[in-house]
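To keep things clear, I will list the structure first and then write my remarks on it.
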Amino acid sequence: MMRGRTDRLHADASDYFASSESPAVKRTDFYWLRLVGTGLWFLVFGLVTFVLGFVVLPIIRLLTPERSRRQRRSRAVLGAGMRSFIHGVNDLRFIDFEFVGREKLGQPGQLIVANHPTLIDVCFLLGFTPTASCIVKASHFRNPITRGAVIGAGYIPNAPTEDMIHAAEAALREGETLLMFPEGTRTVPGKPLAMQRGAANVALRAARVLTPVYISCEPSTLTKNLPWYRIPRSRPKWTLRVGDDIDLGAYRDAPLPIASRRLHADLAGLFAGANTVRD
Amino acid sequence: MKSRQEIFDIVRRSLVELFELEEPNVVPEARFDDDLEIDSIDAVDLVDHLSRIFERRVSPRDFRSVRTVNDLIDCIDRLQTQ
């Protein structure tokens with residue numbers, strides 16, 4: 001698997017940087033239009049997020065004092081925003097995407113775990129599962145652009161650990177759907193997956209259903225180590241595949257810390273395996 | 001009210017049960033992170049487990065300064081007198 005990943009990294013590097021030396025590799029699919037379009041689209045996305053967080057969600061807050069209804073409405077609005085973003089970049093032919101099995105997402109008490117190759121993974125998952133809550137980086141609760149949105153929707157900050165685990169547990173017990181990226185941050189291409197054990201722990205504490213989603217993007221783009229304007233030569237395609245539910249009963253005979261280590265190891269294996277198949 | 005020895009026994013039994021540690025390794029001086037390899041997620045599990053046993057709703061924040069098994073016993077001892 002490591003070899004496969006490393007080779008891809010090299011292939012990607014030449015995709016981006018070898019333009020002068022190897023004119024044989026053509027920039028295709030309206031490269032310049034995609035570049036300018038991608039930039040504009042991110043600008044629009046930031047502005048819309050800000051307006052939603054600072055105008056629309058506060059209005060919802062005023063009109064809906066009751067917490068669960070308020071969160072539902074806020075999430076519906078944000079989900080619609082993210083869905084529109086995805087449909088927008090798709091309709092403008094900046095990206096392609098395929099989302100297989102998304103009707104299996106959104107069940108009560110369902111914990112969705114996904115790998116995290118690109119910046120916009122969350123837009124696919126929350127865009128098409130707008131009822132879900134999500135564990136998000138604690139820094140988004142301080143960032144002025146995202147702050148209003150993540151608070152309004154009642155998403156859960158990933159730190160401190162004990163608060164994150166207890167809030168995630170409570171959300172699942174109340175029958176919410178919850179999305180977690182066990183890696184905590186985007187995967188660096190060429191590096192092995194570094195998953196945190198929090199997802200396995202939360203799953204065993206309170207999830208009724210644990211569902212993995214495998215995400216891939218070819219050619220890779222919007223990764224951790226590249227700025228947004230390093231767009232690939234050809235139009236990138238996201239593939240999201242909802243996997244089979246993971247049977248949690250198989251882990252319940254051991255005490256939680258032991259069981260969560262086992263589940264964690266199995267999850268890491270599943271996602272590593274999915275990456276190998278993809279390469 | 002439990003004596004410090006009773007608290008120690010409960011803590012040791014919990015650590016052995018939850019984390020499959022060897023009983024002789026759980027000594028009062030053992031450090032959670034280095035000696036027992038208890039990370040922040042394990043700590044949440046441990047605190048939840050102990051608060052069920054001692055029937056006290058404690059916040060993991062009460063355990064912020066805990067580094068060793070002995071610190072933990074001090075902490076529980078303090079909490080039960082509050």
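The sequence lines fix the lettering, A, B, ..., with proteins before strands; numbering per chain opens at 1. Heavy-atom basis, side chains included; hydrogens, waters and symmetry copies ignored.
In this structure, chain B has heavy atoms under 4.5 Å from both the backbone and the side chain of A:Ile258. If you measure heavy-atom distances from B:Glu17 to chain A, the contacts under 4.5 Å come from the backbone alone.
Heavy atoms from other residues, nucleotides or ligands lying under 6.0 Å from CD of B:Glu22 number 12 at most. Applying the 6.0 Å contact sphere to CZ of A:Arg147 captures no more than 12 heavy atoms from other residues, nucleotides or ligands. Within 6.0 Å of CG on A:Asp244 lie no more than 12 heavy atoms contributed by other residues, nucleotides or ligands. Around CD of A:Glu103, the count of heavy atoms belonging to other residues, nucleotides or ligands within 6.0 Å exceeds 12.
Of the listed residues (A:Pro160, A:Pro257, A:Pro255), the greatest number of heavy-atom pairs within a distance under 4.5 Å of chain B belongs to A:Pro257.
Nearest heavy atom pair, residue A:Gly198 against residue B:Ile41, reads N-CD1, 3.2 Å. B:Glu37 approaches A:Arg261 most closely through the heavy-atom pair O-NH2, 4.0 Å.
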Worked verdict on A:Arg197 versus B:Asp39 for side chain to side chain contact (heavy atoms under 4.5 Å, CB included): CA-CA 10 Å; A:Arg197 214 175 60 247; B:Asp39 64 18; 2.8 Å; yes
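The shortest distance between side-chain heavy atoms of A:Glu162 and B:Val47 does not fall below 4.5 Å.
To the nearest 0.5 Å, the span separating CG on A:Leu256 from CG on B:Asp42 amounts to 9.0 Å.
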